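Note that the coordinates shown come from a computational prediction; the quantities given were computed from them, not determined experimentally. Proteins come first, then strands; the chains are lettered A, B, ... in the order of their sequence lines, and each starts at number 1.
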Amino acid sequence: MMNYRQGDPVTPGSDRPPPAVQARDLTVVRGDRTVLSTLDFTIRPGTITGLLGPSGCGKTTLMRAIAGTQAKVTGTLTVLGHPAGAPALRPRIGYVTQAPSVYTDLTVRQNLDYFAAVLHPGRTHRDKRRSAVTRAIEEVALTTHADVLAAALSGGQRSRVSLAVALLSTPDLLVLDEPTVGLDPVLRRDLWDLFHRLAADRGATLLISSHVMDEAERCHRLLLMREGRILAEDTPEALRTRTGTATVEEAFLHLVDEAAARGTHPEEPTP
Amino acid sequence: MTTRTAPPAPTGRALTPSRTAATAARVLRQLHHDPRTIALLLIVPVAMITLLRYVFDGAPGTFDSIGASLLGIFPLITMFLVTSIATLRERTSGTLERLLALPLGKGDLIAGYALAFGAIAVVQSALATAVSVWLLGLDVTGSPWLLLLVALLDALLGTALGLFVSAFAASEFQAVQFMPAVIFPQLLLCGLFIPRDQMHPVLEAISNVLPMSYAVDGMNQVLHHSDLTGDFLRDIAVVAGSALLVLCLGAITLRRRTP
């Protein structure tokens with residue numbers, strides 16, 4: 001396995017404070033399948049880390065483990081200084097699943113009002129809730145649709161409502177599972193601008209999965225995954241330089257071939 | 001290998017009244033966008049009891065007995081259906097997973113649902129009871145308020161059962177099939193069709209441990225007695241206790257971590 005943890009080029013906002021996420025020997029079993037196998041990696045605070053790999057490689061399982069919703073996790077997984085899933089983390093992590101998890105029979109604002117009430121309950125927080133809801137709706141560019149039922153929105157709009165829910169609490173760690181799937185190029189660019197603002201202005205750490213390799217260039221660092229293992233962990237530039245390739249996609253393919261040649265990749269299903 | 005990724009998430013955390021209230025308000029707001037469901041919830045019991053009144057046009061005594069029993073059974077069945085589907089949708093849409101990843105207690109969610117559907121049940125039962133007593137001439141010896149109390153407890157039992165079985169349903173198809181599986185046996189054995197002591201002794205013994213038997217018996221106690229009988233108090237205690245027990249079982253089925 002290739003983990004280039006030491007001597008990486010320093011990315012913006014990281015003068016080596018404690019890591020936002022640290023995994024050692026992280027293994028996840030689902031049913032009788034080992035979905036994640038002895039992962040070791042570190043995510044630095046205040047950075048955007050792209051989690052890339054083909055569908056079914058374990059990206060969602062890894063994100064669920066970090067968010068604390070995945071069962072049968074072994075090894076060590078520390079998130080913001082706590083074991084993953086600790087109750088103290090719940091208000092500090094925003095986890096957005098791939099399928100938008102919002103109430104389709106409520107309006108955009110009613111959805112956010114409810115989740116805000118769960119995060120900041122009580123009458124004393126009413127103003128705080130109201131401003132958080134308004135800000136979150138603005139951040140995902142749905143102000144004009146605030147009073148529309150989520151069921152009446154397009155798929156892309158609904159996933160932005162789901163993202164807005166995660167932005168309500170100004171989380172320290174945002175775990176976003178394919179947040180830009182099915183969005184038009186303009187919206188995708190706007191969302192990536194938002195992600196960079198969250199990292200730069202609020203010091204938030206973002207872990208964003210994608211199977212579209214062209215989004216990789218927008219990340220500070222990348223975790224390349226394949227078949228439940230980390231293939232590489234580095235900056236986009238360093239990956240391209242190391243593999244002598246022009247794009248992250250080529251770098252990924254190069255690394256896959258290299259791993260296959262050395263026979264170190266996990267057991268392939270033999271037909 | 002060390003397994004210190006996470007301690008088990010705390011189960012059955014204390015309630016936060018404001019989060020419970022927010023959850024109940026959210027459930028009611030969802031229903032607010034679905035006026036047809038509200039109309040069906042309120043009108044169907046009234047229509048059925050009216051139908052029943054004229055089916056037994058020549059036997060008002062039978063209408064009294066069956067009508068009172070049905071006033072207890074309606075809220076149980078409707079709340080069972082509504083809750084099992086609503087909770088299933090919460091599970092399949094991912095909102096349950098999202099809520100459990102937030103600082104929401106499981107008790108908040110369950111109590112929120114119970115409050116919201118309990119409120120609907122109060123309106124539903126008040127309407128059905130009022131129509132039965134004042135328009136259809138249902139002859140109640142005791143206080144109609146006690147009928148309403150039993151109906152409310154029945155509704156909570158229905159909510160609790162619906163919440164619990166939704167954990168075992170993977171789809172809406174399965175969820176609605178739990179209705180005949182869970183409710184019909186109780187309906188047959190609760191004493192609605194024939195007094196329970198006239199059934200086969202084995203069936204009578206089974207009916208003694210089914211909560212709907214007590215729901216129906218409670219209704220009949222109010223029908224025949226002007227004062228609070230010991231049997232009535234036992235009936236409402238059993239129904240309330242069953243509802244609470246099943247709600248706790250329902251809380252166990254809500255898991256923060258899933259495979």
If one checks every heavy atom of A:V96 against chain B at 4.5 Å, the contacting part turns out to be both
OG1 (B:T258) and CZ (A:R30) are apart, to the nearest 0.5 Å, by 8.0 Å
Residues of residues 163-184 of chain B with any heavy atom under 4.5 Å of a heavy atom in chain A | none
How close do A:V73 and B:R257 get, heavy atom to heavy atom, and via which atoms?
-> CG2-NH1, 3.9 Å
Engaged part of A:L149 at the chain B interface, taking heavy atoms whose separation is under 4.5 Å | side chain
Does the side chain of B:R29 come under 3.5 Å of the side chain of A:T107 through a donor N or O and an acceptor N or O?
-> no
Between the side chain of B:R98 and the main-chain N/O of A:S162, is any donor-acceptor distance below 3.5 Å?
-> yes
Of the backbone (N, CA, C, O) and the side chain (C-beta and beyond), which part of B:L31 lies under 4.5 Å from a heavy atom of chain A, both, or neither?
-> neither
Taking the side chain as every heavy atom from C-beta outward, state whether A:L119 and B:P103 have any atom pair closer than 4.5 Å.
-> yes
When only heavy atoms count and the cut-off is under 4.5 Å, which of residues 59-69 of chain A reach chain B?
-> A:R64, A:G68, A:T69
Between B:H32, B:E90, B:R255, which has the largest tally of heavy atom pairs under 4.5 Å with chain A?
-> B:E90
Contact summary for B:P259 and A:A71, nearest pair of heavy atoms | N-CB, 3.9 Å
Do the charged groups of A:D105 and B:R89 touch, with an N to O distance under 4.0 Å?
-> yes
Would you find a donor on one side and an acceptor on the other, under 3.5 Å apart, between the side chain of A:R90 and the backbone of B:A101?
-> no
Apply side chain to side chain contact (heavy atoms under 4.5 Å, CB included) to the pair B:L99 and A:Y114, showing each step before the final yes or no.
-> CA-CA 10 Å; B:L99 285 174; A:Y114 173 55; 3.7 Å; yes
Contacting region of A:V29 [heavy-atom separation from chain B under 4.5 Å] = neither
Rounded distance (nearest 0.5 Å) linking atom OG of A:S169 with atom CG of B:L102 = 7.5 Å
State which residue, out of B:Q30, B:R26, B:H33, fulfils the side-chain hydrogen bond (donor to acceptor under 3.5 Å, both in side chains) condition with A:Y103.
-> B:R26
Please report the shortest heavy-atom distance between A:P121 and B:S18, naming the atom on each side.
-> CB-OG, 3.2 Å
Part of A:A88 lying under 4.5 Å from any heavy atom of chain B = neither
